[in-house]
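Below is one structure. I have some questions about it.
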2 protein chains.
Amino acid sequence: MNLPPLAAIRVFEAAARHGNFTKAAEELGMTQAAVSYQIKLLEERVGAALFLRLPRQVALTEIGARLAPSMTDAFEILRAAFATMRESTEGILTITTIPTFAATWLVPRLGSFHMEHPSLAVRLKSTRDMVDFSRQEADVGIRSGQVKWPGLVCHKLFQADFTPMLSPTLAASIGGVKTPEDILKLPILDPGDPWWNIWFNLVGIDKPALRGDLRTRLGDQHLEGRAVLAGQGVGILTPVFFQSELQQGQLIQPFNVVGTSKHAYWLVYPEARRNVPKIRAFRDWMLGHIGEVKT
Amino acid sequence: MNLPPLAAIRVFEAAARHGNFTKAAEELGMTQAAVSYQIKLLEERVGAALFLRLPRQVALTEIGARLAPSMTDAFEILRAAFATMRESTEGILTITTIPTFAATWLVPRLGSFHMEHPSLAVRLKSTRDMVDFSRQEADVGIRSGQVKWPGLVCHKLFQADFTPMLSPTLAASIGGVKTPEDILKLPILDPGDPWWNIWFNLVGIDKPALRGDLRTRLGDQHLEGRAVLAGQGVGILTPVFFQSELQQGQLIQPFNVVGTSKHAYWLVYPEARRNVPKIRAFRDWMLGHIGEVKT
DNA sequence: TATCTTTCATAAGGCCACCTTATGGATCAT
DNA sequence: ATGATCCATAAGGTGGCCTTATGAAAGATA
């Protein structure tokens with residue numbers, strides 16, 4: 001019931017196909033002696049001769065001839081399966097990322113990635129769950145955190161810096177924001193965010209009196225950014241996420257003072273897969289384009 | 001293009017089928033740790049996760065799920081091929097034998113073998129060529145020779161003894177054969193056969209004057225036996241080959257004196273296949289029935 | 001006929017791939 | 001809270017498998 005050793009079957013298949021041990025050895029990248037050894041092993045295992053040893057050649061026995069086509073069929077199936085798998089997996093890159101990063105940084109730049117790698121399709125999985133490549137199907141992940149993770153290659157993308165931002169309209173409503181104190185005149189989105197205290201401390205203001213609804217917790221810089229863009233209040237945001245809005249004047253960053261969180265954003269992927277082409281492609285592209293961004 | 005290690009593929013197939021490393025390990029007769037090791041190996045080789053490690057269970061990834069059916073198909077083909085091979089080879093015993101033995105001893109007794117082993121079909125190859133299992137397809141061989149052959153299990157069946165024989169009619173034509181000298185009155189089949197001199201020496205006659213045509217060389221005891229049965233002359237034959245003709249009175253062995261050749265008849269088969277069931281069956285049957293024969 | 005070439009078999013020897021044992025972590029069940 | 005189940009991982013030993021080297025057989029060539 002049990003199959004003979006697969007290595008021996010493999011050698012037999014090649015030898016039967018070539019009708020020649022030496023050629024089979026070449027195909028398999030081994031020596032002729034190894035082929036001879038494996039065939040003999042298989043013959044003893046199945047209890048029947050598979051080749052006749054004729055002078056300067058071998059010929060399949062009746063039994064061997066009956067066996068060989070099935071072996072070739074089976075290996076053809078295996079080869080085909082792995083080939084199609086390779087094709088399909090080589091062509092799809094699955095990225096798991098936190099929603100903020102997806103919406104504010106990644107999605108706007110994916111067009112550039114497609115231009116560089118037209119044959120690679122990208123599949124995005126946007127989730128807050130901490131990436132765990134052993135439990136989720138993904139090639140690379142983008143996560144925030146303080147430390148490196150064991151078993152993962154971690155590239156630091158940037159620190160989670162933060163500074164107040166608001167819409168030009170909102171700023172104009174109080175005649176412009178010139179000093180940190182001006183911010184206190186305006187409604188604060190998510191005043192419970194600890195970043196506010198840290199930032200006001202940096203500009204010399206202790207215990208700032210923040211106006212705004214404490215219950216507003218958008219929980220996500222992206223959503224907070226939308227609210228800020230809509231002029232609903234002042235947000236404390238990470239500048240790199242709103243690069244284009246700042247350039248286009250849709251958002252204002254009134255002060256150069258930024259707070260620095262211990263958290264950073266990381267590109268991560270399993271160490272074991274560091275040399276998979278699509279992963280290298282994405283890493284190279286990403287690190288290149290992160291560098292372009294002025295933090 | 002190259003396939004991943006086959007052992008790993010095999011383990012993956014079983015694990016995918018069971019959806020459980022532990023069960024797969026049991027099926028394959030190995031430990032759970034070994035399964036884990038092989039799966040990991042395969043994943044690194046193909047550059048993609050094949051299983052998701054969920055709490056207390058594993059689940060195929062998309063890629064794994066696409067791969068698994070082909071793996072099962074391929075192994076099913078292998079299993080089926082070896083199974084049918086086994087069935088067909090187990091049921092056919094190929095015997096290569098010298099023609100004399102086939103005609104005089106083996107064929108008349110094959111019915112008995114079929115009675116003991118109804119599921120075994122026998123294929124006879126009758127040839128004078130020295131048996132060489134590496135060049136001919138055969139399970140067992142019967143050959144005459146003096147020595148044992150390396151790599152073969154050799155069972156001595158009997159010595160090639162010889163003694164004059166003739167038909168009752170021919171004996172009667174000279175009033176019966178009572179002394180060795182009487183034989184010299186009759187035509188000798190193949191008087192050039194060296195056995196004649198040896199036998200006459202045994203009975204004290206040096207340089208016997210043999211009558212008969214020196215050109216008559218039937219070359220084969222079976223054919224010589226037919227000629228003797230037809231009353232065409234006296235032959236020097238091996239008694240065991242003509243057991244039944246002697247018992248039924250179709251042939252007469254006038255003297256108990258037999259010459260003994262250094263040659264013997266042997267049952268041989270490759271040492272490596274000594275435990276193949278059909279070979280053991282034939283060997284046991286043959287040695288049992290050789291023992292029955294009075295030499 | 002002699003020499004060269006090709007092809008497979010075999011012996012010896014070394015190494016690494018693979019397996020086992022042992023242990024730990026995570027989660028579910030009771 | 002305890003036990004059971006399932007998988008991952010580390011450590012360690014060994015035997016399977018491969019290589020090298022050589023020989024035998026016989027076709028090819030001259």
Side-chain angles (χ1 to χ4, degrees), chain A residues 2-12 14-16 18-45 49-61 64 129-130 132-136 149-152 270-272, chain B residues 2-12 14-16 18-45 49-61 64 129-130 132-136 149-152 270-272:
Chain A
N2 266 347
L3 284 175
L6 289 167
I9 297 179
R10 180 159 165 65
V11 170
F12 169 70
H18 286 103
N20 182 312
F21 287 8
T22 306
K23 297 243 179 65
E26 279 168 27
E27 174 182 318
L28 297 170
M30 60 204 309
T31 58
Q32 169 268 323
V35 171
S36 182
Y37 169 85
Q38 292 286 359
I39 298 286
K40 186 173 195 177
L41 204 73
L42 184 60
E43 287 178 323
E44 289 184 5
R45 176 62 177 270
L50 300 172
F51 284 98
L52 295 177
R53 273 64 170 192
L54 306 178
R56 300 194 55 189
Q57 62 175 326
V58 289
L60 285 167
T61 62
D129 299 341
M130 178 61 74
D132 182 343
F133 291 102
S134 72
R135 306 195 182 191
Q136 298 166 243
W149 293 271
L152 298 181
E271 269 171 10
Chain B
N2 265 346
L3 285 174
L6 290 166
I9 298 180
R10 178 158 165 65
V11 169
F12 168 69
H18 286 104
N20 182 312
F21 288 7
T22 307
K23 296 243 179 66
E26 279 168 26
E27 174 183 315
L28 296 170
M30 60 205 310
T31 59
Q32 169 267 325
V35 170
S36 182
Y37 169 86
Q38 292 287 0
I39 298 285
K40 186 172 197 177
L41 203 75
L42 185 60
E43 288 179 323
E44 290 184 4
R45 176 63 177 270
L50 299 172
F51 285 97
L52 295 177
R53 273 63 170 191
L54 306 178
R56 300 193 58 190
Q57 62 176 331
V58 288
L60 284 167
T61 62
D129 299 340
M130 178 62 71
D132 181 344
F133 291 103
S134 70
R135 306 194 182 191
Q136 297 165 244
W149 293 272
L152 297 181
E271 270 172 10

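A note on names: the letters A, B, ... follow the listed sequences, proteins ahead of strands, and every chain is numbered from 1.
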(message) What is the distance, to the nearest angstrom, from the CZ atom on A/Arg45 to the P atom on D/dG16?
(response)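 Computing the A/Arg45:CZ to D/dG16:P distance gives 12 Å.
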(request) Check A/Arg53 against B/Arg135 and note the closest heavy-atom contact, atom names and distance. (result)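 So the two residues come closest at O-CG, 3.4 Å.
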(request) Could you check how far CD of B/Gln38 sits from P of D/dT9, rounded to whole Å? (result)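 Rounded to the whole Å, the gap is 15 Å.
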(request) Working to the nearest 0.5 Å, report the span between CD1 of B/Ile39 and CD of B/Glu43. (result)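 Between atom CD1 of B/Ile39 and atom CD of B/Glu43 there are 7.0 Å.
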(message) So, using ring-ring contact (aromatic ring centres under 6.0 Å, His included) as the criterion, who are the partners of B/Phe51 when residues are at least two apart?
(response)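 B/Phe51 satisfies ring-ring contact (aromatic ring centres under 6.0 Å, His included) with B/Phe12, B/Phe21 once adjacent residues are dropped.
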(request) For D/dC7, take OP1 and OP2 only and decide whether either is under 4.0 Å from a side-chain N or O of B/Thr22. (result)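 The answer is yes; a side-chain N or O of B/Thr22 sits under 4.0 Å from OP1 or OP2.
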(message) Whole angstroms only, please: what is the CD-C1' distance between A/Gln32 and D/dT22?
(response)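 Interatomic distance, CD of A/Gln32 to C1' of D/dT22: 12 Å.
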(message) Closest-nucleotide mapping onto DNA chain D: is B/Arg53 or B/Arg135 further toward the 5' terminus? I mean the 5' end.
(response)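 Closer to the 5' end of DNA chain D: B/Arg53.
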(request) Rounded to the nearest angstrom, tell me the gap between atom CD1 in A/Ile39 and atom C1' in D/dC17. (result)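 Answer to the nearest Å: 14 Å.
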(request) Anything under 4.0 Å to a heavy atom of chain B counts; send over the first and last such nucleotide of DNA chain C, read 5' to 3'. (result)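 Extent of the interface on DNA chain C: C/dC18 to C/dC28.
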(message) Minimum heavy-atom separation for B/Leu54 and B/Ala59, please, with both atom names.
(response)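 Answer, listing the atom of B/Leu54 first, then B/Ala59: CD1-CB, 3.9 Å.
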(request) Grab the two heavy atoms, one from A/Asp132 and one from A/Ser134, that are nearest each other, plus how far apart they are. (result)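 Looking at all heavy atoms of both residues, the closest pair is OD1-OG, 2.7 Å.
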(request) Take B/Pro55 and B/Ala34, find for each the nucleotide of DNA chain C with the closest heavy atom, and name the residue whose nucleotide sits nearer the 5' end. (result)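 Nearest nucleotide further toward 5': that of B/Ala34.
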(request) Give the rounded distance in Å between these two atoms: CG of B/Asp132 and P of D/dA24. (result)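 So the CG-P distance, B/Asp132 to D/dA24, works out to 16 Å.
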(message) Can you see if the side chain of B/Arg56 gets near the phosphate of D/dG3 - specifically, an N or O under 4.0 Å from OP1 or OP2?
(response)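 No, B/Arg56 has no side-chain N/O under 4.0 Å of OP1/OP2 on D/dG3.
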(message) Expressed as a whole number of angstroms, how long is the span from B/Phe51:CZ to D/dC6:P?
(response)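 In whole Å, D/dC6 P lies 15 Å from B/Phe51 CZ.
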(request) Using whole Å, report how far OH of B/Tyr37 lies from P of D/dA11. (result)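 Atom-to-atom, B/Tyr37 to D/dA11, this comes out as 15 Å.
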(message) Measure CG/A/Leu54 against C1'/D/dA24 and give the value in whole Å, please.
(response)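 In whole Å, D/dA24 C1' lies 15 Å from A/Leu54 CG.
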(request) Using a cut-off of strictly less than 4.0 Å, decide whether B/Asn20 has a side-chain nitrogen or oxygen near OP1 or OP2 of D/dT5. (result)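 So the side chain of B/Asn20 is outside the cut-off, no N or O lying under 4.0 Å from OP1 or OP2 of D/dT5.
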(message) On a heavy-atom basis, which atom in A/Ala24 and which in A/Ala14 lie closest, and how many Å separate them?
(response)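 For A/Ala24 and A/Ala14, the tightest heavy-atom pair comes out as CB-C, 3.8 Å.
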(request) Could you check whether A/Val58 gets within reach of a base, just the sugar-phosphate, or nothing at all, counting any heavy atom under 4.0 Å? (result)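 Sugar-phosphate contact only.
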(request) Please state whether the phosphate of D/dC7, meaning OP1 or OP2, lies under 4.0 angstrom from any side-chain nitrogen or oxygen of B/Lys40. (result)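 For D/dC7, neither OP1 nor OP2 has a side-chain N or O of B/Lys40 closer than 4.0 Å.
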(request) Identify the two heavy atoms, one from A/Leu42 and one from A/Pro4, that lie closest to each other, and give their separation to 0.1 Å. (result)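 So the two residues come closest at CD1-CB, 3.4 Å.
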